[in-house]
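Okay, structure first, notes after.
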Amino acid sequence: IIQISGLNKWFGSHQVLRDINLNIPAGQKVVVIGPSGSGKSTLIRCINRLEPFQGGEVVVDGHALSGLRRLEAVRREVGMVFQSFNLFPHMNVLRNVMLAPMKLRGLSEAEARTRAMTLLERVGIAEQAAKSPAQLSGGQQQRVAIARALAMEPRIMLFDEPTSALDPEMVGEVLDVMRGLAGSGMTMIVVTHEMGFAREVADRVLFMDRGEVLEDAPPADFFSRPRLERTRTFLQRVA
Ligand code: ATP
Ligand code: MG
């Protein structure tokens, strides 16, 4: 469902992605790890064209992104969840989830409300629908952010360190929602430091360093016998 070939990206004269080649079939769960500044966020932001790139091609569900003028087609197939939840602060939880389907998919108010409530139930937060985001805990806000992304019925979900900003006791509830989503067959790319989640949910773990994908293996192999010394050193620090 995602084909990345020869992807190169620079910020000014600084090359942040170097010749990335990746083929991700529908339904696959990919976890991306690597040191700070290695290009993890930039890579997943290229998949929904939040970042333009200078070389190579990214094809998402048949859409080649480099020449694409209308990004909506891709954006609606690719949901994204960030470290900072980015909910709209002036709208209640329900409205946060209803907004995009009404604006971008033409759902009626009633349809959007039904869909939003179903999703809020799915992430375990229906009772909080009338509250404003600021009244929720971090874990609850992140679950709303996941519901909001799912409301567009994406085929692919990107997560950029979704639990890094959370207090430790709230990490589990967000990972539970993500596990549930993985079980539903969603294609997922997850940047995370949660190695337990990677072991359990990933089909494949990528290790990035300095803009390159240095390792790409199923978790059993990745964690027990990494190919490179650099991966080993990194794992010793995080695991
Ligand atoms: P972290 O683990 O800290 O989130 P990361 O692996 O996600 O790191 P990126 O955010 O993708 O790394 O950044 C890769 C490189 O690109 C870094 O050197 C960073 O400084 C640089 N970079 C990222 N965004 C920009 C930007 N908007 N302008 C210039 N340089 C940027
Ligand atoms: Mg990042």
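Atoms within each ligand, like the ligands themselves, are counted from 1 in listed order. Sequential numbering from 1 along the given sequence is applied to the chain's residues. No experiment lies behind these values; they were computed from the predicted model shown.
Taking the centre and axis of the six-membered ring of Phe88, the NZ or CZ atom of Arg95 falls outside the cone set by 45° and 6.0 Å. The cationic group of Arg204 does not satisfy the cation-pi geometry with Phe222, failing either the under 6.0 Å distance to the six-membered ring centre or the 45° limit from the ring axis.
The distance cut-off of 2.8 Å around the Mg ion (ligand 2) captures these protein N, O or S atoms, sorted by chain and number: Ser41 OG.
Identified under the ring pair (Phe, Tyr, Trp, His ring centres under 6.0 Å) test for residues 1-23, with sequence neighbours left out: none.
Under the 4.0 Å criterion applied to side-chain N and carboxylate O atoms, Arg232 and Glu229 are assigned as salt-bridge partners. At a threshold of 4.0 Å, the pair Asp203-Lys29 does not count as salt-bridged, since none of the basic side-chain nitrogens sits closer than that to a carboxylate oxygen. One finds no salt bridge joining Glu153 and Arg76 here, because no Lys/Arg side-chain nitrogen approaches an Asp/Glu carboxylate oxygen to under 4.0 Å.
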Would Arg115 and Glu111 count as a salt bridge (charged side-chain N to carboxylate O under 4.0 Å, His left out) if you check the C-alpha gap in whole Å, the side-chain angles of each, and the deciding distance to 0.1 Å? CA-CA 6 Å; Arg115 181 182 293 185; Glu111 289 166 331; over 6 Å; no
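For ligand 1, the 4.0 Å heavy-atom shell contains residues Phe11, His14, Val16, Pro35, Ser36, Gly37, Ser38, Gly39, Lys40, Ser41, Thr42, Glu161.
Judged purely by distance below 3.5 Å, without hydrogens or angles, the side chains of Ser41 and Asp160 pair a donor atom with an acceptor atom.
Shown here are the salt bridge (Lys or Arg N to Asp or Glu O under 4.0 Å) partners of Arg18, two or more places apart in sequence or in another chain: there are none.
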